[in-house]
Amino acid sequence: MKSTISCFLLLLIVVPILASSVEKKVYIVYLGQHNNGEKAFHEIEKTHISYLLSVKESEEDAKSSLLYSYKHSINGFAAKLTPDEASKLSGMDGLLSVFPSHGKHSVQTTRSWEFVGLDEGDSYSWEKLKMGGEDLLSKAKHGKNVIIGVMDSGVWPESPSFSDQGMDPTPKSWKGICQGGVAFNSSNCNKKIIGARYYVKGFQNAYGPVNATEDYLSPRDIDGHGTHTASTAAGRQVSDVAAFGGFAKGTASGGAPLARLAIYKACWAIPNQPKADGNTCFDEDMLAALDDAIADGVHILSVSIGTAKPLPFEHDVIGLAALEAAKRNILVVCSAGNSGPAPGTLSNPAPWIITVGASSLDRAFFAPVKLGNGLKLIGQSVTPYKMKKMSPLVYAGDVVVPGVPQNVTGQCLPGSLDPNKVKGKIVVCTRGAGLRVGKGLEVKRVGGVGFVLANAKANGNEIACDAHLLPATALTYDSGIKILEYINSTKNPMAVVSPGRTVLKYKPAPFMAGFTSRGPNVVDPNILKPDITAPGLNILAAWSEASSPSKLPEDKRSVKYNIYSGTSMSCPHVSGAAALLKAIHPDWSIAAIKSALMTTGNILKFRDMIFTRSVP
Ligand SMILES: *[C@@H]1O[C@H](CO)[C@@H](O)[C@H](O)[C@H]1NC(C)=O
Ligand SMILES: *[C@@H]1O[C@H](CO)[C@@H](O)[C@H](O)[C@H]1NC(C)=O
Ligand SMILES: *[C@@H]1O[C@H](CO)[C@@H](O)[C@H](O)[C@H]1NC(C)=O
Ligand SMILES: *[C@@H]1O[C@H](CO)[C@@H](O)[C@H](O)[C@H]1NC(C)=O
């Protein structure tokens, strides 16, 4: 009896809550293409609302559930629906697909825990590169008539890479706008950044209003990622720049330094999470951005965004929008993803996209660690801090606080190290879980004087260089084993870490970065992907001055240029190279451009197209 009563009570309480909160998710309802010019915008929106009316109770309900009505090239809408409403809609005539928004795509350096930052490419023969490069550049007039749309985390418009000094007026074909917002107004656009917009409805639907201390409600970039990718594709030639600490000093330049940029901000900082953990880009926001970009008149779209796992074509908004772009001869270049080396991890698998993997340059940042037995291991680092003397060396797994799970004991995750056992010592941490820069921070937090990051087996020889907050170096897998063997071999292991220095003509180069996502293309194994590789390991480019080189909240340093890694960095190299080809051959189809890039992309020729570089 008693239990019946409590059940009854429970029901009374639960039922009303359920009724009022059947979960509404955002769904993308895709109708295919528009018949060009057939309908006015308000009629298109009316059609979209009429679909909603058939599942919602009132017109008010229908209108308030609508986040976006896509009107230009993409025909569809994004709306808040219950699963029931979505399934009713998906049975209707005229709808190609109805699918839940994949909430969280990320810019493809979010695997920042697997990310580095070296720098841009100098090469086998600088003279040769310069000749080939200058020739191509001048034939292409530095890309001045080409408009590259960049969908990312926005832009830091004050960077010298976006100066419009001496540039011709904006091309007449341009139909975009410069959308104002927080810390951004029409004065922030110029003849280089000819357009800027932002898309936030999906983000705000999920997280609430943008918190002004966490992001700018405007095209301004608080992260650095969007500024980096935009300047790699089309930044001006700026001499005498360097990363924090003076690394990679030289001239920075985008692939097509006089091409125009149109900025589409669709990626936002995740609330209550360090920027270093990455940001998020919602399907519905990206679709709106791409719909506008196509209508605005971009020639090339550079999209360094993807999913951790491949999506089927009919649920892949970047792929769907890219198809509409391709029909209009707009080239879409996307990053392959940073989920390697595991197989089948590739994102952006559609055949009408150029999908870009990431490889190394022949530049390194030598930062040797000298051991007490005299052995010197050549690590790499873009951290400039000096260590005064030999100090005791420990392996992180031997100095953890109780309760750290066995499988992550050597990894220096936040809170895992014991200050009593670390103070005054150099700590060897291994890669795996957690942010690389976060591991260095943990060593610093507990009073360590130096930090050695050892690759896990999966990372191989791909060296992770970051601007750490204390003297630091990073080792290949083989060198990592050697330092651990040394620690095991003696009672009082000692070491000293030297600051990094920039080294050119490093070999072997290029090699594929371990993080670059791999085929096979699980969505359609008949289509081989990635299509091409480009420099993506340790790339120097412009940065947001509202960010720090490590993006950690504890990091108060500010830089104009930063070294970063990912297929996010390689993608805009190809966008810039494509812009030059487009400028030389305005009549070529995008298929011809893609074919030319892929079939001439041997090591040297591809290098001829790569100008984001640092010249000694
Ligand atoms: C844009 O903002 C800047 C700085 O606040 C201001 O000086 C400038 O007048 C503004 N321009 C326009 C067109 O509103
Ligand atoms: C905004 O973000 C800051 C920093 O993350 C946080 O301290 C603050 O509480 C947030 N404000 C709101 C209204 O959430
Ligand atoms: C470590 O093991 C725990 C539980 O056994 C698991 O949840 C976690 O994902 C593992 N972490 C890593 C990095 O493998
Ligand atoms: C160092 O010693 C530990 C404990 O004996 C062992 O588990 C580990 O494999 C050794 N490491 C190397 C690289 O020899």
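Start at 1 and go down the list; that is how both ligands and their atoms are numbered.
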> Got an N/O contact under 3.5 Å between N272 and ligand 2?
Replying inline: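 N/O-N/O distance under 3.5 Å: no.
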> Can you tell me if S304 and T229 form a side-chain donor-acceptor pair at under 3.5 Å?
Replying inline: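 No, because no side-chain N or O of S304 sits under 3.5 Å from a partner of the opposite role on T229.
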> More than 12 non-hydrogen atoms from neighbouring residues, nucleotides or ligands closer than 6.0 Å to NZ on K444, yes or no?
Replying inline: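 No - once you tally the heavy atoms of other residues, nucleotides and ligands closer than 6.0 Å, there are 12 at most.
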> Against heavy atoms of E485, which atoms of ligand 4 measure under 4.0 Å?
Replying inline: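 Close to E485: 13 (C), 14 (O).
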>> Under a 4.0 angstrom heavy-atom cut-off, which atoms of ligand 2 come close to T213?
In response: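 Reading through ligand 2 atom by atom, the close ones are 1 (C), 2 (O), 3 (C), 4 (C).
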> Looking at residues at least two apart in the chain, or sitting in another chain, which of them share a side-chain hydrogen bond (donor to acceptor under 3.5 Å, both in side chains) with T383?
Replying inline: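 T383: side-chain hydrogen bond (donor to acceptor under 3.5 Å, both in side chains) contacts with S381.
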>> For S391, give me all partners under side-chain hydrogen bond (donor to acceptor under 3.5 Å, both in side chains), at least two apart in sequence or on another chain.
In response: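 Listed in chain order: nothing, the list is empty.
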>> If the test is side chain to side chain contact (heavy atoms under 4.5 Å, CB included), which one of N459, L453, V452 qualifies with L475?
In response: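 Filter result, single survivor: V452.
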Could you list each N/O atom of ligand 3 together with any protein N/O atom closer than 3.5 Å, one pair per line with the distance?
from: ligand 3; atom 1: 2 (O); to: N407; atom 2: OD1; distance (Å): 3.4
from: ligand 3; atom 1: 2 (O); to: N407; atom 2: ND2; distance (Å): 2.2
from: ligand 3; atom 1: 11 (N); to: N407; atom 2: ND2; distance (Å): 3.1
from: ligand 3; atom 1: 14 (O); to: N407; atom 2: ND2; distance (Å): 3.4

> Do any pairs count as a salt bridge (charged side-chain N to carboxylate O under 4.0 Å, His left out) and have a residue in residues 196-217, sequence neighbours left out, and if so which ones?
Replying inline: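 Listed once each, the pairs are R197-D292, R197-D296, D215-K265.
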> Could E545 and R220 be called an ion pair, given the rule that one side-chain N must be under 4.0 Å from one carboxylate O?
Replying inline: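 Looking at E545 and R220, the cut-off is not met.
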